[in-house]
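Reading through the structure tokens given below for one structure.
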Amino acid sequence: MPTSSSSVHLKPAGPSRVELRGYGYRHLIRDSWAVRKVDLVVEPGERVLLLGPSGAGKSTILQAIAGLLDEESGDVDGSLLVDGRPPVAASGGRGRSDTGIVFQDPDSQLVMGRAGDDVAFGLENAGVDREQIWPRVRAALDAVGFPYGLDRSTQQLSGGERQRLVLAGVLALRPRLLLLDEPTANLDPDGAAQILTVLEQLTADRSATMIIIEHRITPVLPLVDRVVVIDPSDGVIADGAPAAVLGAEADRLAAGGVWVDDQLPWRPQRPERRPGPGLLRIDRPQRRYGSGPLVPEPIEADIARGSVTALVGPNGAGKSTLAGMVSGLATPESGGIVPGAALTAGLPRRVAGRPVHRWPSEHLAARIGTVFQNPEHQLLTGRVSDEVALGPRYSRAEYARRAGELLERLGLAKLSDANPFTLSGGEKRRLSVATALAGRPQVVVLDEPTFGQDRRTWIELVKLFAELADSGTGLVIVSHDRLLTEALADRIVEVRPPTAEPARTVAVR
Amino acid sequence: MIFTSLPPARSPLATLNPLVGLVVVGIVAVVTIVSFDPWAVLIILIAELPLLALARIGGRGWLLRVWPLAAGLAGIMIANLIFTDDHPGRSLLSIGPLVITTGSLGAAGIVALRLLVLAIPGIVLFARLDPTALADALIIHWHAGPRIAVGSLAAMRMAPLVVGDLRQSYAARRTRGLISRNPLAAAPVIFGSLTTVLVTTVRRATRLSVAMDSRGFDSGLPRTLARESAWRRRDTLVIIFYALAGLAAIALTVLSQLT
């Protein structure tokens, strides 16, 4: 982990001061204001956590401070000053800015093919001489604890490593103001812990002002001095020391979707069940990813009607590989997925004898549904209702009939004409579940279904999954989310990495 | 496939400036377009032999790169044999309308050979091409705009992500019962899923350009370069060698036309 930190971003000019007075912003294409009436002063060196319900305009505020929004992209109300001046616009050749910003998705922030070149990218833009670039690149990579050399391909990095590289690229520019827009939302718990540990070390000396947005706030609280709660119409509604603000606002924040603590937000009252008939058996399936070892370590489990099986384990253990094989998407190289009689009922005889991965697509969809980790990967059309009604050729009418019913049940009926890409994260997730259910599968495989969701959406999803299981669907859930498995799982299957040595982990709070 | 890059290895060719490859491909292209003379093509082919020897691509690497080319060459030869109405020389084969003579076989062979000659420097010099080095060289030696050069690099980094998106899109269609053996039935679904992959790609590219701007890409300050791009004497020598070979080939064509 990091060794030195202060050398990277120490700058004589010192940390920035941010001042918003009655600030509001409305995107050009929207009718309503994204944020309004925000009065906020962040003093130099302060570390502030920005909270608020989903859609409260927190990201808009950060982007405005970073100079990414201006009069050309929308309507601006009130004033916004960084060190007494309007922020330097990031585009249009207006000179350099001392503000750095890190977003959620590392993949859309890395520019170059090699790690060192990527960190150097910002320094090249700032016109730093070549002799000074490389020492600064090395210092920034050291500061974030980047474990590889400068030539490491950015494609070979894990999510957490990529996000640390992004952070290094921003730190190399020695920002006086560091803005972080849910920097850990796309990362697994290990990756998230790595980023937060680095941030804590980097900001401890107050050489830069920091404003951060996060949904899961417990691990962030130790590294901030102040919590500010934003409301989309009323601006700042609470502001102060973390303990005081959370004490006073916990209920309102929780209702707004913020993960105020690590307690289970809701537990389904599931009826006592006797194990139903077996739907399929996970019989030690393994496959190789590229030239790597066979994963996962052999696992045996029976998926019964109405059961919830959680597959948990560290990164690289092969959880997603296992999920792909259970879904009938990937071919096991040894072992297999053995369907039970209840699942193969109704299949043509020549298909019923085949392994799951060789079932024709339409038979698979009517038996095993899959919900992908990223709901956007599941989208195939430009309209919510079409998306759910899209089914195999011979079952179109049946799918169309079921679409209406599913949209109603998953609370998407009023959005049926919307473009799926315009939905919120929680709505997209529900839509992806609806598409998986359209074929009435008896088994549903869910890959990280609660990943990056706010607390409110989390409760909705867990309710939905509990209903599904109660109605007899066998659920297989791959997840890092401890609360999800605690709330739902009848059985937890530990997926171990192929080698004997434990995977590299960082302590999670 | 043919465009996948090999990892950097100790090949003398890998130490050449990436622009040398562009220039050599250009020279060979001009010669093969201008000249129809078999001897001219042969001169260029001989001049390319050192490239083959120095490439160090390895059997597997060659197989991966050469099969599309070999298939293309075979197709061109066959098309030339079938569709030519010029049948000089001795008849080799005559089945109905299909007539193959020594003359038509020779002509088809030369067309295929010209294509081979054109393809070799491309395959060899780009097998180990480092896109970053090419962008640097374009900016330093040919004064390309950093916006284009670096922007293209960033776009190239997105390419594997798009491949991943396409794979996911196939998986999504399979889990939803949409993989059909009937191509007519599958077409609208495939078209729809390609549209969503395009939307995803554009959105990711938009986020990337915002991230690049936030790191000062469009700040208007004079940009420096972190890496050097050396132009050594051997780069000039290689270009002179191929320029001379090209001139010799063209001179030969002109002479044979005169006599």
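Every chain is numbered from 1 and lettered A, B, ... according to where its sequence line falls, protein lines coming before strand lines.
Neither the backbone nor the side chain of A/Gln132 has a heavy atom closer than 4.5 Å to any heavy atom of chain B. Both the backbone and the side chain of A/Pro360 have a heavy atom closer than 4.5 Å to some heavy atom of chain B. In this structure, chain B has a heavy atom under 4.5 Å from the backbone of A/Val119, while its side chain stays farther away. Heavy atoms closer than 4.5 Å to chain B are found nowhere in A/Ser432, neither backbone nor side chain. In this structure, the portion of B/Pro160 lying under 4.5 Å from any heavy atom of chain A is its side chain and not its backbone. Heavy-atom distances place no part of B/Met156 under 4.5 Å from chain A, backbone and side chain included. Residue contact with chain B, scored on non-hydrogen atoms closer than 4.5 Å, is absent for A/Asn374.
Interface with chain A: from residues 200-207 of chain B, residues B/Thr200, B/Arg203, B/Arg204, B/Arg207 qualify, criterion being any non-hydrogen pair under 4.5 Å. Interface residues of residues 208-217 of chain B toward chain A, defined by a heavy-atom distance below 4.5 Å and sorted by number: B/Leu208, B/Val210, B/Ala211, B/Met212, B/Asp213, B/Ser214, B/Arg215, B/Gly216, B/Phe217.
When each of A/Pro420, A/Gly439, A/Gly324, A/Gly92 is checked for heavy-atom pairs under 4.5 Å with chain B, A/Gly92 comes out on top. Per-residue counts of heavy-atom pairs under 4.5 Å with chain B were compared for A/Arg367, A/Met112, A/Glu376; the largest is that of A/Met112. The candidate with the highest count of non-hydrogen atom pairs below 4.5 Å against chain B, out of A/Gly122, A/Ser91, A/Ala66, is A/Ser91. Chosen from A/Val170, A/Leu110, A/Ile101, A/Ile368, the residue pairing most often with chain B at heavy-atom distances under 4.5 Å is A/Leu110. When the candidates A/Val111, A/Ile133, A/Leu68 are compared by the number of heavy-atom contacts under 4.5 Å with chain B, A/Val111 comes out ahead. Your options are A/Phe103, A/Tyr399, A/Phe372, and the one with the most heavy-atom pairs under 4.5 Å with chain B is A/Phe372. Per-residue counts of heavy-atom pairs under 4.5 Å with chain A were compared for B/Gly192, B/Ala226, B/Ala154; the largest is that of B/Ala226.
If you take CG on A/Leu123 and CG on B/Leu225, they are separated by 12.5 Å, rounding to the nearest 0.5 Å. Note that OG of B/Ser169 is 9.5 Å distant from NE2 of A/His377, once rounded to the nearest 0.5 Å.
For B/Ile148, the CD1 atom sits in a loose shell: 12 or fewer heavy atoms of surrounding residues, nucleotides or ligands are nearer than 6.0 Å. Counting heavy atoms of neighbouring residues, nucleotides and ligands inside a 6.0 Å radius, atom CZ of A/Arg130 exceeds 12 of them.
For the pair B/Asp130 and A/Arg114, the salt-bridge criterion is met [side-chain N within less than 4.0 Å of a carboxylate O].
Under a 3.5 Å cut-off, the side chain of B/Thr224 and the backbone N or O of A/Val128 do form a donor-acceptor pair. Judged purely by atom type and a 3.5 angstrom limit, B/Thr196 has no side-chain atom pairing as donor or acceptor with the backbone of A/Thr381. Side-chain atoms of A/Trp134 do not come within 3.5 Å of backbone N or O of B/Arg227 as any donor-acceptor pair. Using a distance-only test at 3.5 Å, with no hydrogens or angles considered, no donor-acceptor pair links the side chain of A/Arg96 to the main chain of B/Leu221.
Taking all atoms of both residues into account, the shortest heavy-atom contact from A/Asp107 to B/Leu161 is OD2-CD2, 3.8 Å.
For B/Arg223, the salt bridge (Lys or Arg N to Asp or Glu O under 4.0 Å) partners two or more places apart in sequence, or in a different chain, are A/Glu124.
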Could you go through residues 170-179 of chain B and list every donor-acceptor pair under 3.5 Å that involves a side-chain atom there, pairing it with any protein atom two or more places apart or in another chain?
unit_1: B/Arg173; atom_1: NE; unit_2: B/Ser193; atom_2: OG; d: 3.4
unit_1: B/Arg174; atom_1: NE; unit_2: A/Gly328; atom_2: O; d: 3.0
unit_1: B/Arg174; atom_1: NH1; unit_2: A/Trp359; atom_2: O; d: 2.7
unit_1: B/Arg174; atom_1: NH2; unit_2: A/Gly328; atom_2: O; d: 3.1
unit_1: B/Arg174; atom_1: NH2; unit_2: A/Val356; atom_2: O; d: 3.4
unit_1: B/Arg174; atom_1: NH2; unit_2: A/His357; atom_2: O; d: 3.0
unit_1: B/Arg174; atom_1: NH2; unit_2: A/Trp359; atom_2: O; d: 3.0
unit_1: B/Thr175; atom_1: OG1; unit_2: B/Ala171; atom_2: O; d: 3.4
unit_1: B/Thr175; atom_1: OG1; unit_2: B/Ala172; atom_2: O; d: 3.0
unit_1: B/Arg176; atom_1: NH1; unit_2: A/Gln378; atom_2: O; d: 2.8
unit_1: B/Arg176; atom_1: NH1; unit_2: A/Glu387; atom_2: OE2; d: 2.9
unit_1: B/Arg176; atom_1: NH2; unit_2: A/Glu387; atom_2: O; d: 2.5
unit_1: B/Arg176; atom_1: NH2; unit_2: A/Glu387; atom_2: OE2; d: 3.3

